[in-house]
2 protein chains.
Amino acid sequence: MNNLQLRGASSLHESVREELLKRIKSGIYLPGSPIPSTAMLSEEFGVSPITIKRSIRDLQTAGMLIAVAGKGTFVKERRRFLREVDVWLSSIDNARKLGFRPRLQLLSITREKISDATMSVLNPPQDAMLCVRKTVLADDLPIMYDATYLSSDIDEDIVEKFSECSVIDALEQHAIRIVNTRLIIDAAPAAGKVEEIFAIPNGYPMLRRLYKVTTTKSRITIFGIVESPFDRLACSLNLPANQMSGSYLKSKK
Amino acid sequence: MNNLQLRGASSLHESVREELLKRIKSGIYLPGSPIPSTAMLSEEFGVSPITIKRSIRDLQTAGMLIAVAGKGTFVKERRRFLREVDVWLSSIDNARKLGFRPRLQLLSITREKISDATMSVLNPPQDAMLCVRKTVLADDLPIMYDATYLSSDIDEDIVEKFSECSVIDALEQHAIRIVNTRLIIDAAPAAGKVEEIFAIPNGYPMLRRLYKVTTTKSRITIFGIVESPFDRLACSLNLPANQMSGSYLKSKK
DNA sequence: GAGTGGTCTAGACCACCCT
DNA sequence: GGGTGGTCTAGACCACTCC
């Protein structure tokens with residue numbers, strides 16, 4: 001009935017997972033299409049439905065499958081957005097350049113403190129700031145969740161711009177020059193609304209870009225966090241020799 | 001007996017998870033220390049041990065806990081290494097600068113093709129290459145798993161250097177100059193040995209840096225993949241205005 | 001030997017979707 | 001109504017660790 005236990009898997013649910021993964025990779029199960037139901041797989045493999053469910057859940061958290069209650073379990077479509085991080089190009093323009101149809105959606109404008117642990121490396125102010133939250137969609141699929149933090153004494157018409165377009169475009173439209181961008185790329189578990197928006201289960205990690213943008217106007221320093229599902233986005237950057245500093249160029253020791 | 005269901009959690013295991021997370025964050029359960037056993041938590045919360053296990057497993061994949069069979073479940077120590085990606089500094093020197101005691105461990109030297117999907121963006125050669133695998137430890141904890149790919153016609157003494165020290169240091173010792181580094185930062189599920197080394201479960205994603213280093217010697221182009229658990233490493237970079245290109249500096253449209 | 005987590009199973013209930 | 005996945009439970013077995 002089955003041909004499991006072929007790989008180096010030490011447990012049943014692992015074997016099942018490997019086998020399903022193999023079928024996805026080899027194209028037996030196609031992106032966007034449903035895989036057989038738990039019951040059917042259970043019968044095919046001669047394993048308890050619970051064990052099948054376990055494997056499927058693991059593949060879900062690994063971003064390979066997406067299960068929809070009442071409908072079935074589907075192979076996730078894999079199309080990844082390459083964010084060019086070393087170029088001053090807004091996410092929107094970046095997406096357009098890569099052939100996506102990008103769209104921006106304002107979620108909320110609130111007053112909040114920045115509480116993220118990683119963010120503290122960038123030394124954000126301790127007091128409450130204006131927080132503009134939006135999602136960026138590419139081809140109608142959400143790929144980014146952005147929280148932009150502005151000092152709360154900022155002009156209302158600037159805030160408006162921030163809710164309509166990206167940080168870079170908003171600044172440009174007010175003729176404010178960027179002096180420096182400090183970026184931290186990390187991954188952290190999805191929390192709250194982010195889980196919903198991207199249908200991410202169980203606090204699974206999101207790829208994040210935390211930024212601090214300093215401008216010529218000393219009053220205007222912008223902080224922000226952009227979160228993306230790791231299977232929808234990757235960052236790319238280029239480091240030419242003539243721009244580099246560090247131990248390599250100095251005579252070491 | 002319990003005070004669950006307080007958060008916006010829609011299921012029992014979610015409530016339990018939130019409660020455990022709260023206790024970790026508030027310091028009731030301390031880093032490095034064990035949390036109560038499944039049986040005890042089951043009693044305390046008035047929930048099936050299986051539901052407790054479910055919550056614990058989710059917190060494990062989220063990098064908060066680490067369960068050791070026969071010993072107990074422990075709160076993971078959180079100390080994160082900030083890799084400065086825009087500076088030409090070897091990982092080793094970077095770690096040392098941050099106060100870690102770094103160490104390098106050679107794992108294997110093999111001949112392999114580069115098969116990673118993301119890597120294809122960097123257009124690596126299709127034929128088999130020399131693959132040097134090593135781990136980087138900081139304070140005796142593994143933080144990076146590096147696979148360096150070299151064209152297989154390279155001198156043996158250079159290969160030797162690559163297995164002893166980082167790419168940058170190896171090149172420097174042979175007086176080879178780096179012309180450009182192209183970097184892609186993404187996250188991808190852990191596979192095979194990586195799961196073991198970092199005690200990562202279920203193909204949980206690792207933060208990765210894929211690089212292509214071009215040098216003055218045309219024969220020598222180096223590819224590589226560095227993987228790290230996302231709770232042990234983040235990348236940082238700085239983008240000063242004078243080095244930037246892109247739409248912002250050009251007159252747009 | 002007592003305690004730990006890990007695995008696998010069986011069975012029941014729910015909410016949802018589609019026809 | 002018959003299918004789907006999601007949740008929760010009970011119970012049994014194993015391998016491991018520590019005393």
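Note that the structure is a prediction, hence the values are computed from the model and not measured. Note on naming: letters A, B, ... go to the chains in the order of the sequence lines (proteins, then strands), and numbering restarts at 1 for each one.
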Figure out the CD1/P separation between B:Ile56 and C:dG5, and round it to whole Å. 6 Å
Toward the 5' end of DNA chain C, by each residue's nearest nucleotide, A:Ala69 or A:Pro49: A:Pro49
In whole Å, I'd like the distance from the CD1 atom of B:Ile66 to the C1' atom of D:dC16. 15 Å
Between P of C:dT9 and CZ of A:Phe45, the distance in whole Å: 13 Å
Whole angstrom is fine here: how far is it from CZ in A:Arg57 over to P in D:dG6? 9 Å
Checking contacts here: which listed nucleotide (C:dT7, D:dG6, C:dT9) is nearest the side-chain heavy atoms of A:Val47? C:dT9
Shortest non-hydrogen contact from B:Ser228 toward B:Met144: OG-CG, 3.5 Å
Chi angles and distances behind the ring-ring contact (aromatic ring centres under 6.0 Å, His included) call for B:Phe198, B:Tyr145: CA-CA 9 Å; B:Phe198 298 107; B:Tyr145 173 82; 7.1 Å; no
Kindly say whether, by distance alone, the side chain of B:Lys53 makes a donor-acceptor pair under 3.5 Å with the base of C:dG6? yes
Measure the distance from NE2 on B:His13 to P on D:dT9 and round it to the nearest whole Å. 12 Å
Phosphate oxygens OP1/OP2 of D:dC16: is one of them under 4.0 Å from a side-chain N or O of B:Lys71? no
What is the distance, to the nearest angstrom, from the CG atom on A:Leu59 to the P atom on D:dG6? 13 Å
Nearest whole angstrom, please: distance from the P of C:dA10 to the CD of A:Glu43. 13 Å
Just checking, any donor-acceptor pair under 3.5 angstrom between side chains of A:Arg80 and B:Thr118? yes
Quiz: residues 24-31 of chain A side-chain donor-acceptor pairs under 3.5 angstrom, not counting sequence neighbours:
{"residue": "A:Ser26", "atom": "OG", "partner": "A:Lys22", "partner atom": "O", "Å": "3.0"}
{"residue": "A:Ser26", "atom": "OG", "partner": "A:Arg23", "partner atom": "O", "Å": "3.4"}
{"residue": "A:Tyr29", "atom": "OH", "partner": "A:Arg23", "partner atom": "NH1", "Å": "2.7"}

Is any side-chain N or O of A:Thr51 closer than 4.0 Å to OP1 or OP2 of C:dT9? yes
NZ/NE/NH1/NH2 to OD/OE distance under 4.0 Å, A:Lys97 and A:Asp93: no
For B:Arg54 and D:dT7, is the shortest distance between a side-chain N/O and OP1 or OP2 below 4.0 Å? yes
Let me know the distance between CG of B:Leu12 and P of C:dC13, rounded to the nearest Å. 17 Å
Which of D:dG5, C:dC8, D:dT9 is nearest the side chain of A:Ser37? It is D:dG5
So does B:Thr38 get a side-chain nitrogen or oxygen closer than 4.0 Å to the phosphate oxygens (OP1/OP2) of C:dG5? yes
Per nearest nucleotide of DNA chain C, the residue lying toward the 5' end, B:Ile50 or B:Met40, is B:Met40
